[in-house]
Amino acid sequence: MTILITGGAGFIGHTLTRQLLIQGHTLLLVDNFNHSYDPTVKWQHIQDLWHLPNWSLYQGDIRDSEFLNQIFRTHSVDGVIHLAGLAGVRPSLQDPAAYFDHNVNGTAVLLDAMRIAGVKRLVFASSSSVYGIRAGGTLRETDSAEGSVSPYASSKRAAEQLCLHHHHLHGLNVFCLRLFTVYGPQQRPDMAIARFIYQLYNNQTISLFGDGQSQRDYTYVDDIVAGISRAIERVKGYEIINLGSANPVTLLELIALLENQTKRRVPIEWLTEQPGDVPYTHAAIEKASWLLGYRPATDLKEGLRKMVSSYQQHPANGITTSL
Ligand SMILES: NC(=O)c1ccc[n+]([C@@H]2O[C@H](COP(=O)([O-])OP(=O)(O)OC[C@H]3O[C@@H](n4cnc5c(N)ncnc54)[C@H](O)[C@@H]3O)[C@@H](O)[C@H]2O)c1
């Protein structure tokens, strides 16, 4: 297939690109290289792909309809994987309007460009944050997603709804994938595990929010990429599908695993709970298994080992630059 990937220079985007190229697809990467984190990190991702054939890069903004229309006029695109957007809960509290502009307006412009071009397959990266604050139990796609507690979560939920409109009105086939905390080599530098590894290796204090008992369903990036690539092959109708590891761990367990992997310890500073953060995520992944044959293959210990080893080999690659 010829697949357009928005946000192709990002953490998940460039990891996905490598995998889809190995599978023989032709890829069009779209990214505006914004300053959500140091853009040189995103250019480094692109640099890492340079030796591979069958892809091209379009530097531009998904909110620019003419820019998108021009790409769709030039190429016969079979499907779109939509990863572009502002990610992360905490910064969304500082600038909610920007989150809605990129994540909601951007999605609306993209959907319209797809409609004009007659492209009928879309996979959209939504987020587990749409489930809001939950005390326990697995999070299922049929659960309510109307109680989000951050502008980021609300923007992802709104974008899911836009996808639903296009399914009903224009026959778009779309899978909205709710991703659960993705980690792995070259993780976004603002995310917790990347920060902790950097702080452990640089003898800096780690700041933790809450009492350390919050739980996250950390999911290795290769498992997420496998789920996304199955989704673009199989997308049909409109579905919301969780992609997680179904194995949540507490923040304290995560820190202990990282100390073990790195053989390092640094002081910990305890701070009050961050507003907007959800205390608990745990994906139900039966639907992903059934529709996509999704089976997460990398457990947290092994995933952290790979991430730490990648950091040791390339300490300046993706983690340190924007801290
Ligand atoms: N990483 C996670 O744990 C996680 C979890 C849930 C959902 N997601 C979603 O998955 C997607 C990818 O996440 P990531 O961690 O790779 O983030 P990332 O920030 O590394 O990648 C997003 C990319 O989109 C680009 N972008 C942003 N706005 C754009 C615009 N208007 N036009 C063109 N390009 C634009 C950025 O420059 C960036 O390269 C995001 O939509 C994110 O919300 C990620």
Side-chain angles (χ1 to χ4, degrees), residues 4-17 28-46 57-65 67-68 71 80-92 95 98-110 113 123-131 139 148 150-160 163 176-194 216-221 223-225 227-228 231 241-245 278 281 283 303 318-319 321-322:
L4 185 148
I5 303 180
T6 73
F11 160 50
I12 299 172
H14 89 285
T15 314
L16 173 70
T17 294
L28 311 170
L29 271 50
V30 167
D31 206 296
N32 67 354
F33 296 85
N34 67 21
H35 285 71
S36 55
Y37 53 89
D38 185 345
T40 58
V41 173
K42 301 173 186 179
W43 282 111
Q44 182 60 49
H45 294 159
I46 294 297
L57 172 68
Y58 287 87
Q59 185 178 357
D61 200 299
I62 57 162
R63 294 167 298 170
D64 177 349
S65 57
F67 165 69
L68 290 180
I71 300 173
V80 173
I81 298 174
H82 177 30
L83 308 176
L86 298 185
V89 164
R90 289 176 200 162
S92 78
D95 196 355
Y99 272 69
F100 271 71
D101 194 17
H102 287 266
N103 297 359
V104 185
N105 287 346
T107 302
V109 173
L110 172 69
V123 172
F124 166 58
S126 185
S127 160
S128 60
S129 63
V130 302
Y131 289 113
L139 307 180
S148 63
S150 69
Y152 171 64
S154 303
S155 72
K156 287 292 180 183
R157 181 65 184 139
E160 289 181 353
C163 293
C176 295
L177 305 179
R178 290 182 178 163
L179 312 184
F180 283 65
T181 320
V182 189
Y183 74 99
Q186 294 167 294
Q187 188 189 35
R188 279 200 339 262
D190 58 295
M191 292 187 75
I193 298 180
R216 284 278 175 287
D217 198 4
Y218 297 102
T219 314
Y220 193 64
V221 65
D223 290 325
I224 291 290
V225 159
I228 296 174
I241 306 171
N242 289 339
L243 290 186
S245 68
V278 295
T281 64
I319 291 181
T321 35
S322 70

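Both ligands and their constituent atoms are indexed starting at 1 by order of listing.
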Practice task
Starting at CD1 of Ile241, measure out to SG of Cys176 and round the result to the nearest 0.5 Å.
Solution key: 9.0 Å
Fill in the blank from the handout: Rounding to 0.5 Å, atoms OH (Tyr183) and CZ (Arg188) come to a distance of 16.0 Å
Check residues 85-92 and write down every donor-acceptor pair under 3.5 Å in which the side-chain atom is one partner and the other belongs to a residue at least two apart or another chain.
unit_1: Arg90; atom_1: NE; unit_2: Asp277; atom_2: OD2; d: 3.2
unit_1: Arg90; atom_1: NH2; unit_2: Asp277; atom_2: OD2; d: 2.7
unit_1: Ser92; atom_1: OG; unit_2: Val89; atom_2: O; d: 2.6
unit_1: Ser92; atom_1: OG; unit_2: Tyr152; atom_2: N; d: 3.1

Exercise for the section: Hey, can you tell me if Tyr58 and Phe67 have their rings parallel, tilted or perpendicular (30° and 60° cut-offs)? Expected result: perpendicular
Practice task
To the nearest 0.5 Å, tell me how far Thr281 OG1 sits from Leu179 CG.
Solution key: 12.0 Å
Problem - Within the 4.0 Å heavy-atom sphere of ligand 1, strictly under, residues - result: Gly7, Ala9, Gly10, Phe11, Ile12, Asp31, Asn32, Phe33, Asn34, Tyr37, Lys42, Gly60, Asp61, Ile62, Arg63, Leu83, Ala84, Gly85, Ala87, His102, Ala125, Ser126, Ser127, Tyr152, Lys156, Leu179, Thr181, Val182, Arg188, Met191
Handout entry: Short side-chain to backbone donor-acceptor contact, Ser65 and Val109, under 3.5 Å
Key = no
